[in-house]
Amino acid sequence: MSTTEKMSKTYDPYENVVAVMEEAAEIGKIDKRMFDILKNPQRETKVYLPVEMDDGHVEVFEGYRVQHSNIRGPFKGGIRYHQDCNIEEIKALSVWMSLKCAMVNIPFGGAKGGIKVDVTKLSERELCRLTRRYTYAIEPIIGADTDIPAPDVNTNAQIMAWILDTYSMLKGKPSPGVVTGKPVELGGSKGRTSATGRGVVNAAQLLLEHEGRELSGCKIAVQGFGNVGSHTARIAHFRGACVVALSDISGGIYCKDGLDVNEVIAFTEGGKRLKDFEKSGVKHITNEEILECECEILVPAALENQIHEGNADKLKCRYIVEGANGPTTYEADRILEERGIKVIPDILANSGGVVVSYFEWVQNIQELTWEKEHIKEKLFEIIQAAFKDLLKVAEECSCSYRMAAYIIAIRRLMYAEKIKGIFP
Ligand SMILES: NC(=O)c1ccc[n+]([C@@H]2O[C@H](COP(=O)([O-])OP(=O)(O)OC[C@H]3O[C@@H](n4cnc5c(N)ncnc54)[C@H](O)[C@@H]3O)[C@@H](O)[C@H]2O)c1
């Protein structure tokens, strides 16, 4: 069965990332003698987490931590809480982390964690107990110089604070470097919360400049209005883009003349959903429709597998800048390429989060605090350098930006593998 046939059966994010890696290795003429090392994670951990619920009954949740590669530095990657979370998804996300850190050339490897849980069904106290039990379960394999978690879908600075506290209690000493994305008051970095969205906008701006265009006035649609989506929309709006559509899990809103993003953020801050946002000139759309709306840049910033062979030929955008990890399937990529829609891939476009996590980790180790302006400048420099590398390899190999990004990342990982050699 060919890769394409296999992929069209059911979407498997891990098969998806491996298929892209295989193709990139071919196009980039990469020596594949050590390639199998990259295709497999170094360690997969599954844990079962008993939690006493508020009414006294006990529930057992399933949790994961997959450590893909630490060849270029400590394992690094977020923790996701989601009812559909499973080991294959976490495996794929861990590979994307290794590729991302290599693409932007920061000294981290890749990992990812998750718990299969519907957070909307848990009270704050239950969420805290679940987080602490998960931290206890993975404590032997995490640490500031081994594996450093961070926020992802449905996790945030508060959850990082609970992880940090539990880990520090177990170690008997404050250990701020064990997580990034924690509150600034506990050693977090200024600018970390908005970093992924800022990086997405930086990437969009660099792409537009390369195309001889500018962000100001450019029509943008953003799917997903959580950490990544809301900051992407806010910063793009601040820099003069016309944000025409936004969505969260409840549905989307569209206004052809542009939405007032700050007004929408203020509306959702009290816990309200976009389906309840009402304003004249603003119409309600579905999460499928937002992907197909009239815009120049589409930013998928929700989950994997949103742009697939069933809708790739219906998209009306000229560019896609991937805020989410893995939003575009392998098959959709081919359709988009044929249609001339350029994609800035996740492993570059949403790297702002891990780049500022790297800054946070560096500040923790050195016991220093950097100012936000400094962080913004350094973030831009790293994304700009990565974008330059991307353009160079895309031209050298006559390939899409996704392939170029994978070629760069795989070359760096394979080179590190080669010069270290294999133990024993
Ligand atoms: N948080 C980070 O720093 C970071 C960094 C890099 C990549 N990412 C990736 O970005 C994506 C979003 O992460 P986040 O941290 O913003 O999560 P989040 O939990 O803060 O927000 C997720 C958003 O997506 C919406 N959503 C969920 N399911 C949806 C669906 N089926 N259709 C449409 N919208 C849906 C939610 O309502 C919410 O608005 C994920 O793919 C994550 O892996 C996050």
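Both ligands and their constituent atoms are indexed starting at 1 by order of listing. The structure displayed is predicted, hence computed values, not measured ones.
Heavy-atom distances between Ser247 and ligand 1 stay at or above 4.0 Å for every pair.
With contacts defined as side-chain heavy-atom distances shorter than 4.5 Å, the pair Trp361/Phe108 qualifies. Between Tyr11 and Pro13 the shortest side-chain heavy-atom distance falls below 4.5 Å.
Rounded to the nearest 0.5 angstrom, Arg402 CZ and Leu336 CG are separated by 8.5 Å. Here the straight-line distance linking atom CG of Leu246 with atom OG of Ser230 works out to 9.5 Å at 0.5 Å rounding.
Taking each of Leu303, Leu246, Leu291 in turn, the one with a heavy atom nearest to atom 31 (N) of ligand 1 proves to be Leu303.
Thr166 and Thr135 share no donor-acceptor pair across their side chains, judged by distance under 3.5 Å alone. For the residue pair Asp333 and Thr328, no side-chain donor N or O sits within less than 3.5 Å of a side-chain acceptor on the partner. If you check the side chains of Glu89 and Tyr64, you find no donor sitting under 3.5 Å from an acceptor. Between the side chains of Asn364 and Lys182, a donor-acceptor pair is found at a separation under 3.5 Å.
Protein heavy atom in closest approach to atom 17 (O) of ligand 1: Val153 CA, 3.5 Å. For atom 19 (O) of ligand 1, the closest heavy atom belonging to the protein is Asn154 N, 2.8 Å. If you check which protein heavy atom lies closest to atom 30 (C) of ligand 1, you get Ile249 CG1, 4.4 Å. For atom 39 (O) of ligand 1, the closest non-hydrogen atom of the protein is Phe225 N, 2.9 Å. Distance from atom 11 (C) of ligand 1 to its nearest protein heavy atom, with residue and atom name: Ala302 O, 3.2 Å. Considering only non-hydrogen protein atoms, atom 3 (O) of ligand 1 sits nearest to Thr196 OG1, 2.8 Å. Of the protein's non-hydrogen atoms, the one nearest atom 21 (O) of ligand 1 is Gly226 CA, 3.2 Å. Remark: minimum distance from atom 16 (O) of ligand 1 to any protein heavy atom is reached at Val228 N, 2.9 Å.
Under the rule for a ring pair (Phe, Tyr, Trp, His ring centres under 6.0 Å), the partners of His374 that lie at least two apart in sequence or sit in another chain are Trp370.
The side chain to side chain donor-acceptor pair (under 3.5 Å) contacts involving residues 235-257 comprise Asn202-Arg239, Gln205-Arg239, Ser247-Asn287, Asp248-Ser250, where partners must be two or more places apart or lie in separate chains.
Shown in contact with Asp152 at under 4.0 Å from a heavy atom are these atoms of ligand 1, numbered in order with element: 8 (N), 15 (O), 42 (C), 43 (O), 44 (C). Close approach of ligand 1 to Asp248 (heavy-atom distance below 4.0 Å) involves ligand atoms 34 (N), 37 (O), 39 (O). Taking every non-hydrogen atom of Ala324 and a distance limit under 4.0 Å, the qualifying atoms of ligand 1 come out as 9 (C), 10 (O), 11 (C), 41 (O).
At a 3.5 angstrom cut-off on N or O pairs, Gln306 does not count as close to ligand 1. Considering backbone and side-chain N/O atoms, Lys112 never comes within less than 3.5 Å of an N/O atom of ligand 1. Where the criterion is an N or O separation shorter than 3.5 Å, residue side chain and backbone included, Asn227 meets it with respect to ligand 1.
For Arg192, every heavy-atom contact with ligand 1 shorter than 4.0 Å involves the side chain, none the backbone. Counting heavy atoms under 4.0 Å from ligand 1, residue Ala195 does not touch it at all. Of all the heavy atoms of Arg80, the ones lying under 4.0 Å from any atom of ligand 1 belong exclusively to the side chain.
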Residue pair Gln42, Asn70: steps toward the side chain to side chain donor-acceptor pair (under 3.5 Å) verdict: CA-CA 8 Å; Gln42 282 176 224; Asn70 64 356; 3.1 Å; yes

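No option in Asp118, Thr131, Asn156 other than Thr131 meets the side-chain hydrogen bond (donor to acceptor under 3.5 Å, both in side chains) test with Tyr81.
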